[in-house]
Amino acid sequence: MPELPEVETVRVALEPVISGQTIESVRLTRENLRWPLPEHLDKRLLGQCCSVPKRRSKYILIDLSNEETLLIHLGMSGAIRLYDQKPNFAKHDHFSVEFTSGQWVVFSDPRRFGHLDLFASDATCKHPLLSGLGVEPLSDEFTDSVLASLMKGRTTPIKSALLDQRLIAGLGNIYVSEALFRAGISPRRKAGTIAGQRARRLTEAIKVVLREAINAGGTSLRNHIQPGGEIGYFVQDLRVYGQAGQPCVDCGQGIKQIIQSGRSSFYCSSCQR
DNA sequence: AACAAGACCTGCATGC
DNA sequence: TGCATGCAGGTCTTGT
């Protein structure tokens, strides 16, 4: 499911529910998701007070009162749902937390590509899943000159480079296609040719697409719903993703679908060069 | 070093 | 209706 806007939507929804709240009970129905879960995860969370949830790339980070940090990654199919009382649990509700307020936070993930981890808070920046991540695309550090220098010399297609989390952290398959369309850049273009005006257009397009998607509550295709049950309305604003064969909104020519690095890319070969 | 492919999983749409 | 196939929002690991 989730790229940066969907994860940010989840973080925002969690904030009022868990910030300053104490964990009353934990329901854990598996010992592993993508990888084995931390030992005694459930017991270690009991009685902990949660701080304001943070986001790094597609990871949600929650600092706890015992100086440990809970990391949540939603993988492809993960979702978080909120309830005002104990819910009826479904098949893939692997991890649920009850707060002393009576509210429940439920993590479900049919494909189990997601992950949970718990580690000392002061080791967060050294965590193997976090330490190699690239620049946050919505931060002030992400500028056109930074983008150009990240791409310089790379022969891989720009589509593949934008998906590389070591370069820019948080983009996924939907928003890469959407940003490249808005920037008028072909997903097949060599990454190393992104500089100057193209870098300016692409940097701006990435920021605009991500911000618009966050404001719309993300994109709902299959699994993603906002934690309160609402869908993400950015699905209505997709201009190329999933639109193969449909007319381009700018020129009317059919949107093309190609496979790059094993993943679908959608683009208009007339508007994107 | 850089890049592509394979692997991990389940669910769903499609076609026979 | 049942079954096989292919595809899906991610990313670590392996192979070229």
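Please read all numbers here as calculations on a predicted model, not as lab measurements. Naming convention: chains lettered A, B, ... in sequence-line order (proteins, then strands); numbering from 1 in each chain.
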* Separation of B/dA5 C1' from A/Q260 CD (nearest whole Å) -> 15 Å
* **Separation of atom CG in A/L167 from atom C1' in B/dA1, rounded to whole Å** => 13 Å
* Asked: For atom P, what is the distance between B/dC12 and C/dT11, given to the nearest Å?
  -> 23 Å
* Structure fact -> note: A/L162, atom CG; C/dG10, atom P; distance rounded to Å ~ 13 Å
* **Crowding at CD, A/E31 (>12 non-hydrogen neighbours, <6.0 Å)** => no
* Structure fact -> Going 5' to 3' through nucleotides 11-16 of chain C and flagging B where a protein heavy-atom sits under 4.0 Å of the base, S where only the sugar-phosphate is that close, and - otherwise, we get BB----
* Asked: Does the ring centre of A/Y241 sit less than 6.0 Å away from the ring centre of A/F234?
  -> no
* Does the ring of A/F113 lie flat against the base of B/dC8, closer than 5.5 Å centre to centre with planes under 30°? -> yes
* **A/V146 side chain reached by A/T203 side chain, heavy atoms, under 4.5 Å** => no
* Asked: Has A/H92 got a side-chain N or O lying under 4.0 Å from the OP1 or OP2 atom of B/dG11?
  -> yes
* To do: Look at all strands and tell whether A/Y241 reaches a base, only sugar-phosphate, or nothing, counting heavy atoms closer than 4.0 Å.
  => sugar-phosphate
* Just wondering, do A/L33 and A/F95 contact through their side chains at under 4.5 Å, heavy atoms? -> no
* To do: Examine the side chains of A/S186 and A/Q272 and answer whether a donor and an acceptor come within less than 3.5 Å of each other.
  => no
* Asked: Is there a donor-acceptor pair closer than 3.5 Å between any side-chain N or O of A/R30 and the backbone N or O of A/N32?
  -> yes
* CZ (A/R27) with more than 12 external heavy atoms under 6.0 Å -> yes
* **Gap between atoms CD1 and C1', on A/I259 and C/dA8 respectively (whole Å)** => 11 Å
* **Gap between atoms CZ and P, on A/R111 and B/dC8 respectively (whole Å)** => 13 Å
* **Atom pair distance, as rounded to whole Å: CG in A/D164 and P in C/dG10** => 13 Å
* To do: May I ask you to decide if the ring planes of A/W104 and A/F89 are parallel, tilted or perpendicular, using 30° and 60° as cut-offs?
  => perpendicular
* Asked: Any sub-3.5 Å donor-acceptor pair from A/R201's side-chain atoms to A/A183's backbone N or O?
  -> yes
Report, one pair per line, the protein and nucleotides 12-15 of chain B atoms (nitrogen or oxygen only) whose separation is under 3.5 Å.
none

* Return no unless some side-chain N or O of A/S77 is found under 4.0 Å from OP1 or OP2 of C/dA8. => no
* **Between A/R198 and A/T193, a side-chain donor and acceptor under 3.5 Å** => no
* Structure fact -> Separation of C/dA8 atom C1' from A/Q257 atom CD, nearest Å, is 11 Å
* Structure fact -> Separation of B/dA4 atom P from A/R188 atom CZ, nearest Å, is 13 Å
* **B/dA5 to C/dC7 separation - P atoms, rounded to the nearest Å** => 14 Å
* Asked: Got more than 12 heavy atoms from elsewhere within 6.0 Å of NZ, A/K207?
  -> yes
* Asked: Does A/S101 reach the main-chain N or O of A/Q103 with its side chain, forming a donor-acceptor pair under 3.5 Å?
  -> yes
* When Watson-Crick pairs (N1 to N3 and N6-O4 or O6-N4) and G-U wobble pairs (N1-O2 and O6-N3) count only below 3.5 Å on both distances, what is the dot-bracket string of DNA chain B, with | for other-strand pairs? -> .|||||||.|||||||
* Within less than 4.0 Å of OP1 or OP2 of C/dC7, is there a side-chain N or O belonging to A/S264? -> no
* To do: Output yes when at least one side-chain N/O atom of A/R154 is less than 4.0 Å from OP1 or OP2 of B/dC3, else no.
  => yes
